[in-house]
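What follows is a short report on a single structure.
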Amino acid sequence: MSTTTAKEVILTGDRPTGPLHLGHYVGSLRQRVELQNRYEQFIIIADAQALTDNASNPEKIRQNILEVTLDYLAIGIDPKITTIFIQSLVPELAELTMYYLNLVSVARLQLNPTVKDEIKQRQFGGGVPAGFFCYPVSQAADITAFKANFIPVGADQIPVIEQSAEIVRNFNRTYNCTVLVEPKALLSNFSRLPGTDGKGKMSKSSGNAIYLCDNADTIKNKVKSMYTDPTHLKVSDPGRIEGNAVFIYLDAFDDDKKALSELKEHYQRGGLADTTVKNRLTDVLIHKLSPIATQRKEYAKDLAQIMAILKKGTEEAKEVAAKTLCEVKNAMQINYFSHPIKIDPTFNS
Ligand code: TRP
């Protein structure tokens, strides 16, 4: 972490609920590898946020902290220039959340379309956990603690970033200060990758994901079972590429754009079998993912090194967050011992 150059700050991260998949890769991970050279980048492993809908399963979160870190390192996140840290080990974030909760109304949280959707998807049987309902506030704490300027997100997360910006404006107005920095969403040009079933977004819970750590055989089988154009029955039939998951993946991963556009034309014209296109996709994915798998195996050999990376990143993050928390408390005039309360002769009289 450099303190001499005033680079703009990026905060990004993931809930450690499973290994990362192609949806994460396209929507955010590969962008982070480039961003780390131009910005001061922090990556939060949001275990506390993951617990908001996994309270009864901390073991799952614990295990996935490691998986996610391995994924980061394997794709080329460089821990020397990117600070990777664990959310719950920076309790300053929880404290900031506490104060921000007073700056947002329950009605406003209820209106957040991202939260609404996510609540619907999760079908909480015993009611929505309050922690889950309030996670945009905790995310505002994560973002503002690092005075992040930009948050790389998919389109579906924009309302959460807007909510953070609102909290920042409200804080600075309420306490008449300029302590907090308004974050902006940095939209990835490829924000939604459909699942292999071609239906919703790729996600672990829908069972339609290809993982960064999948081996060649698994990739091959998953691609084989992929949804294409349901009206493309015979090889000679003209096929549709719009909404066709195989082509959407090729668009995202195939670097040979010229060959791809010829492939698309051929498919649309008719005479191109789904299996031919799928074989192409399998090759492209294996070519992209096998160096990542190799790197991952290499890093996995030395778990002590991984833990050391996380520990160092978390210490650095804690230092930054503690500084912001102190500024926040000063602005709110609740740093009672460093700014002692004085006797007010007119008080209560
Ligand atoms: N909400 C993000 C996810 O679902 C994780 C996250 C927590 C995050 N805090 C953040 C992302 C702050 C960006 C900035 O994966």
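Start at 1 and go down the list; that is how both ligands and their atoms are numbered. Please read all numbers here as calculations on a predicted model, not as lab measurements.
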Handout entry: N/O donor-acceptor pair under 3.5 Å between D283 side chain and R280 backbone
Key = no
Practice task
Look at the aromatic rings of Y249 and F253 and report parallel, tilted or perpendicular, splitting at 30° and 60°.
Solution key: perpendicular
Problem - Per-residue contact class, V160 against ligand 1 - non-hydrogen pairs under 4.0 Å - result: neither
Fill in the blank from the handout: atom 4 (O) of ligand 1 has as its nearest protein heavy atom R15 NE, 2.9 Å
Exercise for the section: Please report which non-hydrogen protein atom sits nearest to atom 9 (N) of ligand 1, along with the residue it belongs to and the distance in Å to one decimal place. Expected result: D142 OD2, 2.7 Å
Practice task
Have a look at ligand 1 and work out which part of I151, if any, has a heavy atom under 4.0 Å from it: side chain, backbone, both or neither.
Solution key: side chain
Handout entry: Q157, Q87, Q49, H24: member with heavy atom nearest to atom 7 (C) of ligand 1
Key = Q49
Practice task
Describe, in one word, how the ring planes of F146 and F85 are oriented to each other, choosing from parallel (under 30°), tilted (30 to 60°) and perpendicular (over 60°).
Solution key: tilted
Problem - Check ion pair E59-R62 (N to O, under 4.0 angstrom) - result: yes
Exercise for the section: Evaluate the side-chain proximity of R32 to Q41: yes if any heavy-atom separation is below 4.5 Å, no if none is. Expected result: yes
Practice task
Classify the ring geometry between Y267 and H232 as parallel (under 30°), tilted (30 to 60°) or perpendicular (over 60°).
Solution key: tilted
Practice task
Return the residue, atom name and 0.1 Å-rounded distance of the protein heavy atom closest to atom 6 (C) of ligand 1.
Solution key: Q139 OE1, 3.7 Å
Practice task
Could you list the atoms of ligand 1 found under 4.0 angstrom from a heavy atom of A46?
Solution key: 7 (C)
